[in-house]
Amino acid sequence: MAEDIHAGLREYLEQLTHRPGVYRMFDEQGQLLYVGKARDLKKRVGSYFTRSQLSPRIAHMVDRVVRIDTTVTASEAEALLLESNLIKTQAPRYNILFRDDKSYPYLKLTRHKYPRMAYYRGGVEKGDTVFGPFPSAWAVKESISLLQKVFRLRTCADAVFNNRSRPCLLHQIERCSAPCVKIISPEDYARDINGAAKFLRGGQQEVIEELQQAMMQAAEEQRYEHAAVLRNRVSALSKVLQQQSADSHDDQDVDILAVVVQGGRTCVNLAMVRGGRHLGDKAFFPVHADESEEDWGQAEVLDAFVTQHYAEGFVPPVLISHIELPEPAVLESLAERSGHPVQWLKQPQGTRRKWLDMARQNAQIALVRLLAERGSAQQRTGELARMLGLSTERLEDLHIECFDISHTMGEATQASCVVFKGHAMQSSLYRRFNIEDITPGDDYAAMRQVLQRRYAKVAEDQAALPDVVLIDGGKGQIEAARQVFEELGLDTDRIVGVAKGEGRKVGLETLLFVDGREPLSLGRESAALMLVAQIRDEAHRFAITGMRAKRDKARRTSNLQEIEGVGPKRRQRLLARFGGLRGLMAASAEDIATVEGVSHTLAQHIYRSLH
């Protein structure tokens with residue numbers, strides 16, 4: 001059949017242009033199989049049907065292709081951008097995909113007379129100065145801690161800063177210069193901000209020299225206390241830089257990319273250097289990569305990573321790897337998008353060589369850890385499937401959903417649904433349900449409502465249902481689940497209740513069924529029970545965090561709304577003045593009295609009501 005399909009495509013392939021562009025391959029059902037870019041569409045697309053040496057993944061894909069669509073672009077760099085957008089939005093079945101559910105963290109200095117130093121993710125407000133990205137939240141917070149020791153910049157929110165009447169604890173432990181109460185002048189604080197920015201951009205030695213000169217000048221002017229403060233800053237900065245032996249003060253911003261393949265899985269390890277400081281690394285595990293250790297396979301993975309990872313984020317001027325990037329257009333596109341030249345180094349020397357070796361070692365460690373965890377996870381999944389009488393042929397497809405109910409004495413009732421699939425929790429598929437119109441504290445009614453809402457729409461499509469529905473509770477909860485499933489015409493064999501043991505200790509749970517099977521007490525050593533407990537605990541955590549957030553929001557909002565003498569206009573003024581309810585609760589009665597339309601008596605009443 002593959003020969004017939006290829007013959008049907010032959011005429012179309014002969015008519016293709018030699019210009020650059022993007023091609024999309026589809027199967028008989030119209031499903032998008034693959035997206036690729038090409039400098040010459042005719043040569044590139046035709047090569048899939050003439051080459052005898054194709055990777056197993058691509059060979060399997062070519063056998064399914066029945067239609068090819070192409071889009072001509074003005075340049076290969078433009079084709080690269082279009083390809084990246086299509087891969088990101090369409091997630092084709094045979095493209096190597098890198099999934100990252102979180103944006104990278106940054107460090108920012110806010111636009112303010114006394115700028116605030118803060119950790120953040122997401123968009124940037126106009127006027128703020130940002131540094132990064134950093135590989136992890138820890139790297140940002142470690143940098144903030146260092147800058148607090150050396151430059152004593154404020155980290156408090158503006159609402160707190162605007163309402164301080166005396167220095168906070170951070171000033172007492174010499175981590176803040178207390179600009180909130182004008183202990184430091186705007187000029188001196190601006191100097192510290194400039195020093196911190198210079199340090200983050202890689203000017204560590206310059207910062208040390210400036211601090212040393214200021215220290216000597218203060219000593220000559222007999223301002224010995226100030227000279228001692230500057231001496232301590234120099235000492236702290238020098239000590240940190242000595243500890244960071246992997247740093248290179250000749251480099252500014254560099255990314256190091258290492259690829260390791262082992263045990264049928266691939267790891268791309270990204271190490272980040274910002275301002276000459278090695279900030280750590282992050283491991284990525286692509287989907288749909290070939291189980292191959294050939295150099296060309298690693299180059300293909302690296303090409304996909306660079307294309308997808310740098311499609312929108314920050315692009316450093318230097319990229320280092322032990323693999324040659326196969327597509328020159330990739331660097332051209334990155335340079336065009338970032339506005340500066342991008343250099344690719346395959347054989348770095350000196351400190352850069354150490355960085356690359358370290359990145360490859362960390363990639364190996366991350367991959368070994370992943371394979372070990374995968375083996376353990378597969379074992380637990382297999383044992384649970386056997387215990388429940390399910391097929392063990394395709395354990396990666398075993399789909400489990402678990403439900404839990406959480407409330408505080410009937411207040412703010414919420415239900416959670418967490419999903420286990422592919423040997424791991426799938427947090428992107430989690431859902432919360434606000435439970436309404438029931439008697440407060442009626443867990444059985446809450447369970448009926450959440451199951452009805454979750455499965456009513458998918459009842460007609462049995463394939464969309466999970467293999468197992470775990471219910472955190474005893475006979476009452478699983479009876480509620482049975483009633484809902486029978487009303488919807490669903491198979492009750494899927495329902496498994498998790499009854500807590502004595503003292504709610506993990507390992508003493510009993511599995512309950514509604515189809516006549518005897519309860520199962522697997523024991524503390526059971527890998528299957530440990531998996532059930534993990535899923536159950538995750539459902540409980542997800543439910544209780546959502547319930548607490550809903551409860552606290554309702555309580556705080558109702559508290560402010562119920563205060564006598566505070567109408568909509570005053571409430572709006574108060575929230576605007578202090579930047580929200582949290583800032584208002586941190587304010588003193590004297591601060592509250594400064595709001596227009598709020599007397600001293602009312603301010604005292606508001607303060608007492610909120611505390």
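The structure displayed is predicted, hence computed values, not measured ones.
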task: Verify side chain to side chain contact (heavy atoms under 4.5 Å, CB included) between Cys417 and Phe433, making sure each step is shown before the conclusion.
output: CA-CA 8 Å; Cys417 172; Phe433 299 82; 4.0 Å; yes
Do [X] side-chain atoms and [Y] backbone N/O form a donor-acceptor pair below 3.5 Å?
X      : Y      : result
Gln477 : Gly474 : yes
Ser416 : Phe542 : no
Gln449 : Glu436 : yes
Ser526 : Leu529 : yes

task: Might you work through the side chain to side chain contact (heavy atoms under 4.5 Å, CB included) test for Thr266 and Phe285, ending with a clear yes or no?
output: CA-CA 6 Å; Thr266 303; Phe285 303 98; over 6 Å; no
Residue pair [X] / [Y]: nearest heavy atoms and the distance that separates them:
X      : Y      : answer
Ala79  : Thr73  : CB-OG1, 3.4 Å
Cys267 : Ala283 : SG-CB, 3.9 Å
Met272 : Pro135 : SD-N, 3.4 Å
Arg453 : Asn434 : NH1-O, 2.8 Å
Ala118 : Ile144 : C-CD1, 4.0 Å
Pro105 : Ala137 : CG-N, 3.8 Å

- request: Give the C-alpha distance, both sets of side-chain angles, the deciding distance and a yes or no for salt bridge (charged side-chain N to carboxylate O under 4.0 Å, His left out) between Asp515 and Arg494.
  value: CA-CA 9 Å; Asp515 58 358; Arg494 304 174 191 269; over 6 Å; no
- prompt: Can you check side-chain hydrogen bond (donor to acceptor under 3.5 Å, both in side chains) on Arg448 and Gln452, steps first, answer last?
  reply: CA-CA 6 Å; Arg448 280 194 293 269; Gln452 179 74 31; over 6 Å; no
Chi angles and distances behind the side chain to side chain contact (heavy atoms under 4.5 Å, CB included) call for Val469, Phe485: CA-CA 11 Å; Val469 177; Phe485 272 50; 3.8 Å; yes
- prompt: So, do Phe284 and Phe305 have ring centers that fall under 6.0 Å from each other?
  reply: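 Yes: the rings meet the under 6.0 Å criterion.
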Tyr23-Tyr48 aromatic ring centre distance below 6.0 Å: yes
At what distance, to the nearest 0.5 angstrom, does [atom1] of [X] lie from [atom2] of [Y]?
X      : Y      : atom1 : atom2 : result
Leu80  : Asn85  : CG    : CG    : 9.5 Å
Tyr119 : Lys108 : OH    : NZ    : 12.0 Å
Gln414 : Thr545 : CD    : OG1   : 8.0 Å
Met61  : Asp27  : CE    : CG    : 11.0 Å
Tyr455 : Leu488 : OH    : CG    : 10.5 Å
Phe314 : Asp255 : CZ    : CG    : 7.5 Å

- request: Please name all residues satisfying ring-ring contact (aromatic ring centres under 6.0 Å, His included) with Tyr310, sequence neighbours left out, ordered by chain then number.
  value: none
query: Which residues satisfy the salt bridge (charged side-chain N to carboxylate O under 4.0 Å, His left out) test with Arg454, sequence neighbours excluded?
result: Glu401
message: Among residues at least two apart in sequence or on other chains, which ones pass salt bridge (charged side-chain N to carboxylate O under 4.0 Å, His left out) with Asp472?
response: Lys500
message: Pairing donors with acceptors under 3.5 angstrom, does anything connect the side chains of Thr71 and Arg24?
response: yes
- prompt: Do Thr510 and Ser521 get their side chains close enough for a donor-acceptor pair, meaning under 3.5 Å?
  reply: yes
task: Count the heavy atoms of every other residue, nucleotide or ligand shown that sit under 6.0 Å from NE2 of His605, and state whether that count exceeds 12.
output: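 Yes - once you tally the heavy atoms of other residues, nucleotides and ligands closer than 6.0 Å, there are more than 12.
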Hey, are [X] and [Y] close enough for a salt bridge, meaning a charged N less than 4.0 Å from a carboxylate O?
X      : Y      : answer
Asp404 : Arg432 : no
Arg482 : Glu479 : yes
Glu383 : Arg380 : no
Arg536 : Glu509 : yes

Would you check if [X] and [Y] make a side-chain contact, meaning some heavy-atom pair closer than 4.5 Å?
X      : Y      : result
Phe26  : Val65  : no
Leu531 : Phe420 : yes
Ile400 : Asp467 : no
Val532 : Val498 : yes
His423 : Leu395 : yes
Val140 : Trp138 : no
Thr492 : Phe513 : no
Val496 : Ile471 : no

- prompt: Do Asp281 and Asn362 pass the side-chain hydrogen bond (donor to acceptor under 3.5 Å, both in side chains) test, and can you show the C-alpha distance, the side-chain angles, and the key distance before you say yes or no?
  reply: CA-CA 8 Å; Asp281 49 16; Asn362 287 334; 2.6 Å; yes
- prompt: Should Tyr94 and Tyr34 be marked as a ring-ring contact (aromatic ring centres under 6.0 Å, His included) after you check the CA-CA gap, both sets of side-chain angles, and the distance that decides it?
  reply: CA-CA 5 Å; Tyr94 287 92; Tyr34 188 81; 8.0 Å; no
- request: For Gln308 and Ile87, run side chain to side chain contact (heavy atoms under 4.5 Å, CB included): C-alpha distance rounded to whole Å, both residues' side-chain angles, the deciding distance at 0.1 Å, then the answer.
  value: CA-CA 8 Å; Gln308 296 175 41; Ile87 291 174; 3.8 Å; yes
